[in-house]
Amino acid sequence: MKLGYPCLNWSLPCNAGKTFRLKSYSDEKLIETVDNNLSCLMNILQYNKDNGFYFFRISSETIPFASHEICQFNWQKQFENQLQTIGKFILKNEMRISMHPDQFVLINALDKKIIKKSIKELQWHCELLDLMGLKEDAKVQIHVGGVYDDKQASMKRFVDNYKKLPELIKKRLVIENDDRLYSLKDCIEIHEQTNIPIIFDNFHHECLHNDEPVAEALSAAQKTWTKNDGILMTDYSSQQPGERVGKHRDSIDIKHFEKYIKATKDYDFDIMLEIKDKEKSAAKALQIIGVYSKTSVPRPS
DNA sequence: CCATGTCAAGGTCAC
DNA sequence: GTGACCTTGACATGG
């Protein structure tokens, strides 16, 4: 079991997701920003190693405007060496990596232009992981997409479009159950027709489910991962009190996490903590895992 | 120099 | 039909 947090680290003085406005785009600006982002990413990974966090989500802002037509620059070549160095560090320390492009990536859209743009976006995420030399267990996660007033038809479009994706995307793409539209059960239905692995999100499952107890749900998601895909990836969060249903916590609810870990102690899976204060809550979570989890937890070096 | 309106992208839901 | 919200900080402009 590996544990981590997404994209940002508040304890370090750098930002691995620095960006700029489209209006101020220039190749020089891109180089400067990516250079900053990659060197900060390296700092974060070192911090993570020192603190026992062996799962990390690389920000989609790492390469700003990578899929936008304005970006014609060959960042792949420019940063080849830096990416390899980072990749080697990740492999050497047996770290798990994910990426999560945001809500604009819809491979089940009705509009073909949106699908095309989405594929372009997925393409660069996968290229980045490929350039780092990461194994197939480094994943790019998305939600199923929109419903467009006809869920069955939209799920079918997902399946059809998924099958047409280039291999470099297919080998990394995974879907996550969401909190309003596509439940774990829906994801399983899609998995049965595509073999796409499912990331289990406990909080989304709390918001939208079909009465499966959490351990049963986790187990069902686990079955969708092959040896090459690696250990089941999961996202963890819980409800921020007094806020809209679905709002992630500012900091970890230890009792809730403890209960979750106890209920799922028989399973090995990696946990991405989607909590606003990032590494601070992750450190608390690591303590809990050390107490309850049967599966081995890498220790801080 | 600082405050704050705004930022590539789509879809859903409340009103 | 329109606008807030997702998620959210920080970019960058205008005062």
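Values below: every heavy atom of this structure, side chains too, minus hydrogens, waters and symmetry copies. Residue numbers begin at 1 in each chain, while the letters A, B, ... track the order of the sequences.
- Taking atom P on both nucleotides, C:dT7 is separated from B:dC13 by 14 Å, rounded to a whole Å.
- Rounded to whole Å, the distance from CZ on A:Phe104 to P on C:dC5 is 16 Å.
- Taking atom P in both B:dA8 and C:dA12, one finds a spacing of 9 Å when rounded to whole Å.
- With both ends at atom P, the span from C:dC6 to B:dT4 equals 22 Å, rounded to whole Å.
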Look for any protein N or O under 3.5 Å of an N or O in nucleotides 8-11 of chain C and output each such pair with its distance, or none.
from, atom 1, to, atom 2, distance (Å)
C:dC11, O3', A:Arg21, N, 3.4
C:dC11, O2, A:Arg21, NH1, 3.0

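- One interatomic measurement links the two molecules: CD of A:Glu61 to P of B:dC7, which rounds to 15 Å at whole-angstrom precision.
- Under 4.0 Å is where a charged nitrogen must lie from a carboxylate oxygen, and between A:Asp186 and A:Lys151 at least one such pair does.
- Between A:Asp229 and the choices A:Lys171, A:Lys139, A:Lys170, the salt bridge (charged side-chain N to carboxylate O under 4.0 Å, His left out) rule is met once, by A:Lys139.
- Under the 30°/60° scheme for interplanar angles, the aromatic rings of A:Tyr25 and A:Phe20 are found to be tilted.
- In A:Asn74, the CG atom is crowded: over 12 heavy atoms of neighbouring residues, nucleotides or ligands sit closer than 6.0 Å.
- When the C1' atom of B:dA9 is taken as reference, atom NE2 of A:His125 falls 12 Å away, rounded to whole Å.
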Dot-bracket summary - DNA chain B, pairs being Watson-Crick or G-U whose distances fall under 3.5 Å, with | when paired to another strand: |||||||..||||||
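- Each of A:Tyr54, A:Phe55, A:Tyr47, A:Phe56 was evaluated against A:Tyr5; a single residue qualifies, A:Phe56, per the ring-ring contact (aromatic ring centres under 6.0 Å, His included) test.
- Residue-level contact check: A:Phe65 touches the bases, meaning some heavy atom is under 4.0 Å from a base atom.
- Remark: A:Arg172 does not engage A:Glu167 in a salt bridge, criterion side-chain N to carboxylate O under 4.0 Å.
- Taking the C1' atom of each, B:dT6 and C:dG3 are spaced 16 Å apart, rounded to whole Å.
- Distance, A:Lys23 NZ to B:dG5 P: 16 Å, rounded to whole Å.
- The CD1-P distance, from A:Ile142 to C:dC6, rounds to 22 Å in whole Å.
- Separating the CG atom of A:Asp102 from the P atom of B:dT12 is a distance of 16 Å, rounded to the nearest angstrom.
- Remark: A:Lys120 NZ is packed, more than 12 non-hydrogen atoms of other residues, nucleotides or ligands lying under 6.0 Å away.
- Looking at heavy-atom distances under 4.0 Å, A:Val105 makes no contact with the nucleic acid at all.
- Across the protein-nucleic acid pair, A:Ile115 atom CD1 and B:dG11 atom P stand 10 Å apart, rounded to whole Å.
- With hydrogens and angles disregarded, a donor-acceptor distance shorter than 3.5 Å links the side chain of A:Glu279 to the backbone of A:Ser11.
- Atom P of nucleotide C:dC6 and atom CZ of A:Arg180 are separated by 10 Å, given to the nearest angstrom.
- Just one residue in the list A:Gln141, A:Glu176, A:Met272, A:His143 forms a side chain to side chain contact (heavy atoms under 4.5 Å, CB included) with A:Asp201, and that residue is A:Glu176.
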